[in-house]
Amino acid sequence: MLKSHSCGELRKGNVGEKVTLAGWVDRRRDHGGLIFIDLRDREGTVQVVFNPEVSPSCHGTANDMRSEYVINVSGEVALRPPGTENSQLSTGDVEVIASDCTILSVSETPPFYINQEIEVEESLRLRYRYLDLRRSRMLRNLTLRHQVVKFIRDFLDARGFLEIETPIMIKSTPEGARDYLVPSRVHPGKFYALPQSPQQLKQLLMVAGVEKYFQIAHCFRDEDTRADRQPEHTQLDLEMSFVTEDDILNLMEELLTALVLAVKPEIKVIKPFPRLAYDDTMERFGTDKPDLRFGLELGDLSDIVAGSEFAVFRDTVASGGRVKGICAPGCGGYSRNQLEELNKIAQGLGARGLLTVALGDAPGSLNDLTLDMVKSVAARYLTLEQVKEIAGRLGGDMGDLLLIVAGEPKMVNKVLSELRTEMGRRLELADPNTLAFAFIQDFPLLRWDEELGRWDSEHHPFTAPKDEHIPLLDTEPGKVHSKHYDIVCNNYELASGSIRIHDSELQHKIFSLLGYSDEEIQQRFGTILEAFHYGPPPHGGIAPGIDRIVMLLAGEETIREVIAFPKNQSAVDLMLDAPSPVTEEQLTELHLRLRNE
RNA sequence: GGCCCCGUGGUGUAGCGGUCUAACAUGCCACCCUGUCACGGUGGAGAUCAGGGGUUCAAAUCCCCUCGGGGUCGCCA
């Protein structure tokens, strides 16, 4: 080793020791005579003093050192002279008096600051990711990620789980997201696909008798990216045999609670995790991944306004639509501009408009409310009683602002859910130091796909229907609920899982319901159906997204901040410049020809 | 594919029709400096204001297009 100690570990106790350090020049302070260098490695920073009276040659070398040069230094650890200690630095009581040093490598001036926490354009960071990762924020995030994965491995190992790797090149099954494909050289015209998740493989491991499986698995989906979505991401893939829904949920609750306590004890977690039914959640929050750190729940006003003079509302209800709203406390004095901003959000998500009702512009008792205090374009079509009833339904008080959307139920929920999030942000209702985990359960098994004109799986086709709903598969498939569950947290979907079908006949029936011919079923799912003829155990599992968990624990806004080498929004790796063209020879070997488009 | 936001020395920002021959901070280079720690001091280099077109007597500034980046809807079983 070129170093006897790490820079960050030196303390008073090391005084008098002769040490050898290696690292990067974080900062250089040249006093003409003395030169100070803050030497940085992964563990921290320590001050090195180059004194011409101690070593003239060393001082000369230090003269040439610049930021991010890599150097090797030997010298004695000394107590700093009284009054020159630096309490900002964990090593600030001591310094290393250089008696010997070498420049191991030089550095050009970096394209952005390594030693300062200044926001830099993300594309530049991504292009020089290896420099970006030198910055303390990124080092912190990578370290946290390591701790999270290590904790998960230890936790599951202690409970008898086997970590098993599954292949990255598997078979394409063209439902769900688009596959990334890998052309085969040996088999002209045939392709492997990268796994969107190891779903079928982990179920086959259950048939194999593994009983408790997990994997830190890479998953690939060729879909557009988001702040919380990348073309490839990592999930904790987990599957167990002989379990019920509760067994999985209890395990996950224990894991997540212990994880947070282990790596971020200062973060608050609410225990036990609430368990919410999908239908209720949609009704109350308009989304299946609500932020439960604050209230602002949606209220249904359809019955109140059905008979009102306000035609927009009356007609919406009459034609099968819904009228719902939320209450923004203390926002009754919102300016026209502020209201217009909210209106734009609503319209951007498909609402015809947003009706705002200001219950006066100052706090007070709702009993004192009069109609001329109500500011709303609908004010003259509503009675005072109706306004009070609406306010009551939404938990509104004097000085509050009611936000009301009318229309097709799905859109109404989406818009209000977004407005709820927006108002939560504006009013700072969500404690940034809390992770509000919750389980969402009791999902519908199927959803009607308008475009394809057929039923589609809400989760995936291996999800087991609720036992008591199985008869409905033949009569009213839309009413069948399933043993599918999600873990949500702070407006993110963290995990999705289900108890699986382990009966080949029932599985076949589901595939048929989804519109597959027997031939297609055989071709796409033949393996798992065949495996189910050989004693499959009842089983189920779940797959939490590692990137999102680490992002939330790190307090970051995008998963790119917790991935060492992420791709940008256009799925490009700016550092490696991938994807990139390949040679004609490569294409020929793969039996491929590019289309002219 | 739709919508919204952004693009000014290496980096981060200011400037938002004329006073811009583009400012500030930091970084960089040179010199001075033996107790600094975001060291200090003096001097210096560094920007076709993302690219193209238009409006105007005059454009970094207004308009249009393109490119690049971000957010989001669709999409993500």
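Below, chain A is the first sequence line, B the second, and so on; all start at residue 1. If you're wondering where the values come from, they're calculated on a predicted model, not measured in any experiment.
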>> How would you summarise protein contacts on nucleotides 32-37 of chain B per nucleotide, using B for base, S for sugar-phosphate only and - for none, with heavy-atom distances below 4.0 Å?
In response: -BBBBB

> What string of B, S and - do you get for nucleotides 6-12 of chain B, 5' to 3', when a contact is any protein heavy atom under 4.0 Å?
Replying inline: ----BBS

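The base of G74(B) is paired with the side chain of D224(A) by a donor and an acceptor separated by under 3.5 Å. With hydrogens and angles ignored, no donor-acceptor pair closer than 3.5 Å exists between the side chain of R28(A) and the base of C39(B).
The same atom, P, is picked in U66(B) and in C3(B); the two are 11 Å apart, to the nearest Å.
Residues satisfying the salt bridge (charged side-chain N to carboxylate O under 4.0 Å, His left out) test with D41(A), not counting sequence neighbours, are K3(A). Annotation: ring-ring contact (aromatic ring centres under 6.0 Å, His included) contacts of Y278(A) (sequence neighbours excluded): F443(A). For V49(A), the side chain to side chain contact (heavy atoms under 4.5 Å, CB included) partners are L34(A), F36(A), Q47(A), E95(A), I97(A), not counting sequence neighbours. Not counting sequence neighbours, the partners of F439(A) by the ring-ring contact (aromatic ring centres under 6.0 Å, His included) test are F273(A). Qualifying side chain to side chain contact (heavy atoms under 4.5 Å, CB included) partners for S107(A), counting only residues two or more places apart in sequence or in other chains: E68(A), Y69(A).
Applying the salt bridge (charged side-chain N to carboxylate O under 4.0 Å, His left out) test to pairs two or more places apart or on separate chains, those with a residue in residues 485-501 of chain A are E239(A)-R500(A). The stretch residues 82-93 of chain A participates, sequence neighbours left out, in no side chain to side chain donor-acceptor pair (under 3.5 Å) pair at all.
Between Q569(A) and G71(B), a side-chain N or O to OP1/OP2 separation shorter than 4.0 Å is present.
Between R425(A) and E422(A) there is a salt bridge, with a side-chain nitrogen of the basic residue lying less than 4.0 Å from a carboxylate oxygen of the acidic one.
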